[in-house]
Amino acid sequence: MQQFEGQPVSELVAIRRDKLAELRQGGADPFAVTTYGVTHHSAQILQDFENLEDSEVRIAGRLMSKRGMGKVLFCDLSDRDGKIQLFIKQDVVGEADYSVIKKYDIGDIVGAEGTVFKTKTGEVSVRAAKVTLLAKSMLPLPEKFHGLTDTDLRYRQRYLDLIVNPDVKKTFVTRSRIITAIRAFLDARGYLEVDTPMLGTIAGGAAARPFITHHNTLDMDMYLRIATELHLKRLIVGGMEKVYEMGRIFRNEGMSIKHNPEFTTIELYEAFTDYNGMMNLTEQLIASVARDVLGTMKIAYQGEEIDLTPPWRRITMTEAVKLYAGIDFDTLTTDEQALAAVKAAGLSPDAKMSRGELLNFCFEARVEEKLVQPTFILDYPVEVSPLTKKKPDAPELTERFELFITARELANAYSELNDPFDQRERFMRQMLLREKGDEEANMIDEDFLTALEYGMPPCGGLGIGIDRLVMLLTDSYSIRDVLLFPTMKPLDK
RNA sequence: GGGCCAUUAGCUCAGUUGGCAGAGCACUUGACUUUUAAUCAAGGUGUCCCGCGUUCGAAUCGCGGAUGGCUCACCA
């Protein structure tokens with residue numbers, strides 16, 4: 001191990017430090033460069049070669065490979081859009097410059113000006129007249145052929161992943177386009193995008209454990225939001241009629257290939273419609289985003305063909321459990337009957353579960369995994385839906401649906417409960433659960449109840465997990481593959 | 001939290017029965033004026049994840065630990 005200013009560094013690093021010192025001594029400190037006027041990007045030159053042949057261009061990017069041929073040097077320069085080959089000839093750049101350029105390392109940030117041409121083998125390239133080092137790379141990049149495969153390192157050092165694994169950049173470009181397409185879809189339908197607090201004294205709107213933080217001046221604990229629901233419904237009370245918020249929420253729960261502690265959702269609320277309206281909107285939204293971004297509504301996810309062409313299958317939870325689990329809840333009228341039937345089917349429910357909780361339990365245990373093609377599951381039990389209107393003809397159920405694709409929950413929507421008395425009772429029931437130790441039960445939000453007392457129009461609400469939608473549309477295996485910087489345990493602990 | 005697997009050069013990975021620590025890429029030097037993972041010649045890669053133990057001798061065997069992956073559980 002070599003030493004550098006007292007620090008041990010690998011031979012590869014020591015060589016680069018020597019090169020930097022040499023450049024600085026020659027008055028060419030690469031880190032002193034401030035600007036470089038770029039005229040073209042790689043993709044543009046490759047696509048528009050017909051028109052650009054023989055014209056002058058200035059390009060810049062990262063040096064990804066070098067193929068020296070004596071007095072000629074071929075390099076691949078990687079920029080925002082991809083790669084383009086640089087052709088550097090001693091005759092053209094001059095002997096002095098050529099010997100400097102030959103010492104550039106893979107990973108260096110380089111600018112080049114020259115003319116567009118095609119090599120003997122037909123590759124569109126830039127014949128460099130002048131090459132400038134814009135920043136020195138002091139660390140060796142991962143291997144050029146295999147790239148960086150260690151998933152842990154890829155997530156921890158995403159910049160390296162982006163440099164050496166081109167498909168990664170593609171996923172995040174697609175993510176950005178999906179989000180843009182969602183906004184365009186909603187904005188075109190008269191929705192208003194709003195921002196509501198991430199920091200509050202009540203974490204409501206979902207069943208989840210929150211992150212707790214502390215405000216120093218007020219000297220009080222606060223929560224990071226676990227949903228945007230209760231604030232957005234206040235805006236419906238306020239008369240905004242169609243609102244949405246796309247943003248980060250935080251849940252202090254387990255991590256898995258489908259769960260990250262912070263993730264992005266979109267919630268939208270529309271006055272004077274119900275969950276049927278939300279179902280139509282969901283179908284239209286996801287199908288049109290797929291069409292706009294991917295150019296098709298037939299996609300592949302992990303080898304499975306998924307057809308997003310509307311209309312999608314709609315089936316009630318009771319029907320689905322009958323169909324897939326063979327338990328007919330229509331014939332089970334009491335909690336005891338339901339418990340016995342569920343146990344007889346070979347499941348192990350908690351003995352304290354009510355009929356509605358047992359229906360939901362059977363659905364999660366036996367049905368979810370079978371819902372590969374887009375499927376709306378309708379009419380959830382009231383016990384698991386504390387913010388949802390009851391079905392007028394079946395008060396043990398609610399006007400709620402969840403959307404499943406590839407056996408995963410992608411969206412959750414309902415006819416919003418606007419009866420302040422009923423809402424208070426539901427909160428009270430949640431409070432009892434909380435007192436019994438259920439840390440995920442909803443907290444009572446008095447101001448939200450006050451808002452409902454002023455009157456909220458009938459209203460449909462919808463939430464979509466953006467990360468899961470991006471996973472679906474980019475064929476990503478893990479949620480970590482659609483988050484640039486997924487939550488990671490620190491290395492030094 | 002349980003089970004299984006992995007950790008060796010900057011990166012990707014071999015490493016036999018316990019017997020000198022290896023390859024490719026990258027790097028250095030040299031040759032080469034149209035290469036495509038360029039080629040050819042020569043050269044050095046190192047806390048074998050950490051600790052303890054067994055042994056004449058440990059990357060290899062045992063025990064404990066760390067980190068990660070997969071999986072089950074948990075988690076709308």
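Each chain gets a letter, A, B and so on, in the order its sequence line appears, and its residues count up from 1.
- Nucleotide B/A76 holds its C1' atom 15 Å from the CZ atom of A/Phe401, rounded to whole Å.
- Straight-line distance from the CG atom of A/Leu73 to the P atom of B/C32: 15 Å, rounded to whole Å.
- Whole-Å rounding puts the A/Ile163 CD1 to B/A26 C1' distance at 15 Å.
- Rounded to whole Å, atom C1' of B/A76 lies 9 Å from atom CZ of A/Arg468.
- The NZ-P distance, from A/Lys136 to B/C27, rounds to 10 Å in whole Å.
- Considering only heavy atoms from C-beta on, A/Ile236 stays 4.5 Å or farther from A/Glu416 through its side chain.
- Residue A/Asp76 is classed as having no contact, given no heavy-atom separation below 4.0 Å to the nucleic acid.
- Taking atom P on both nucleotides, B/U17 is separated from B/C75 by 47 Å, rounded to a whole Å.
- Atom NZ of A/Lys103 is surrounded by 12 or fewer heavy atoms from other residues, nucleotides or ligands within 6.0 Å.
- Using a 3.5 Å distance cut-off with no hydrogens or angles, the side chains of A/Thr388 and A/Arg400 do not pair a donor with an acceptor.
- Among B/C27, B/A38, B/U33, the nucleotide with an atom closest to any side-chain atom of A/Lys144 is B/A38.
- Taking 3.5 Å as the limit, the base of B/U35 and the side chain of A/Gln85 contain a donor-acceptor pair of atoms between them.
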Distances for protein N or O near nucleotides 71-75 of chain B N or O, under 3.5 Å:
from, atom 1, to, atom 2, distance (Å)
B/U71, OP1, A/Tyr477, OH, 3.3
B/C75, O3', A/Glu440, OE1, 3.1
B/C75, O3', A/Glu440, OE2, 3.4
B/C75, O2', A/Glu253, OE1, 2.6
B/C75, O2, A/His259, NE2, 3.0

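- For the residue pair A/Thr318 / A/Thr316, no side-chain donor-acceptor distance below 3.5 Å is found, with atom types taken as modelled.
- Considering only the side chain of A/Phe87, B/U34 comes nearest among B/U34, B/U28, B/G10.
- A/Lys19 comes within contact range of the sugar-phosphate backbone alone, with a heavy-atom separation under 4.0 Å but no base atom that close.
- Distance A/Glu123 CD to B/A38 P: 11 Å, rounded to the nearest Å.
- Contact annotation: A/Lys71 side-chain N/O to B/A31 OP1/OP2 distance is not under 4.0 Å.
- The CG-P distance, from A/Leu139 to B/C27, rounds to 14 Å in whole Å.
- Atom name P, nucleotides B/G69 and B/G57: the rounded distance is 38 Å, in whole Å.
- Relative to the side chain of A/Glu402, the nucleotides B/A76, B/A38, B/A26 differ in distance, and B/A76 lies closest.
- Taking a 6.0 Å sphere around CE of A/Met428, one finds it holds 12 or fewer heavy atoms contributed by other residues, nucleotides or ligands.
- Annotation: ring-ring contact (aromatic ring centres under 6.0 Å, His included) contacts involving residues 142-172 of chain A, sequence neighbours excluded, are absent.
- The aromatic ring centroids of A/Phe404 and A/Phe363 lie less than 6.0 Å from each other.
- A/Arg67 has a side-chain polar atom (N or O) that falls below the 4.0 Å cut-off from OP1 or OP2 of B/A38.
- Pairs of residues two or more places apart, or lying in two chains, that qualify as ring-ring contact (aromatic ring centres under 6.0 Å, His included) and include a residue from residues 78-102 of chain A are A/Phe74-A/Phe87, A/Phe87-A/Phe117.
- Each of B/U34, B/C25, B/C27 was ranked by its minimum atom distance to the side chain of A/Glu143; first place goes to B/C25.
- On the P atoms, B/U7 is 14 Å away from B/G62, given to the nearest whole Å.
- Between A/Phe117 and A/Arg16, the residue whose closest nucleotide on RNA chain B is further toward the 5' end is A/Arg16.
- The residue among A/Cys75 and A/Lys102 whose nearest nucleotide of RNA chain B is located toward the 5' end is A/Lys102.
- RNA chain B forms stems at B:1-7 with B:66-72, B:10-13 with B:22-25, B:27-31 with B:39-43, B:49-53 with B:61-65, each a run of 3 or more consecutive Watson-Crick or G-U wobble pairs whose two key distances fall under 3.5 Å.
- For A/Lys71, the salt bridge (Lys or Arg N to Asp or Glu O under 4.0 Å) criterion is met by no residue, not counting sequence neighbours.
- Separating the P atom of B/A23 from that of B/G2 is a span of 41 Å, rounded to the nearest Å.
- In terms of polar N and O atoms assigned as donor or acceptor, the side chain of A/Thr149 never comes within less than 3.5 Å of the base of B/U12 in a complementary pairing.
- For A/Phe74, the side-chain atoms get nearest to B/U35 when compared with the rest of B/A76, B/U28, B/U35.
- Residue pairs meeting the salt bridge (charged side-chain N to carboxylate O under 4.0 Å, His left out) criterion with at least one member in residues 80-94 of chain A, sequence neighbours excluded, do not occur.
- For A/Arg156, counting side-chain heavy atoms from C-beta on, the closest listed nucleotide (B/U28, B/G68, B/U35) is B/G68.
- Atom-to-atom, CG of A/Leu153 to P of B/C11 comes out at 7 Å; the value is rounded to the nearest Å.
- The residue A/Val164 sits apart from the nucleic acid: no heavy atom pair falls under 4.0 Å.
- Atom name C1', nucleotides B/A31 and B/C50: the rounded distance is 46 Å, in whole Å.
- Using a 4.0 Å cut-off between charged nitrogen and carboxylate oxygen, A/Glu357 and A/Arg429 count as a salt-bridge pair.
- Across B/U55 and B/G19, the matching C1' atoms stand 12 Å from one another, rounded to whole Å.
- Heavy atoms of A/Gly147 sit under 4.0 angstrom from primed sugar atoms or phosphate atoms, though from no base atom.
- Among B/C32, B/C27, B/C11, the nucleotide with an atom closest to any side-chain atom of A/Pro142 is B/C11.
- Here the separation of B/U35 from B/A59, taken at their P atoms, is 47 Å to the nearest Å.
- The gap from the P atom of B/G24 to that of B/G68 amounts to 33 Å, rounded to the nearest Å.
- Within the 4.0 Å cut-off from OP1 or OP2 of B/G69, at least one side-chain nitrogen or oxygen of A/Arg480 is found.
- Nearest nucleotide to the A/Asp152 side chain, out of B/G68, B/U12, B/A26: B/G68.
- Salt bridge absent: A/Lys390 and A/Asp419 never bring a charged side-chain N and a carboxylate O closer than 4.0 Å.
- Residues A/Asn260 and A/Arg480 have side chains that never bring a donor and an acceptor to within less than 3.5 angstrom of each other.
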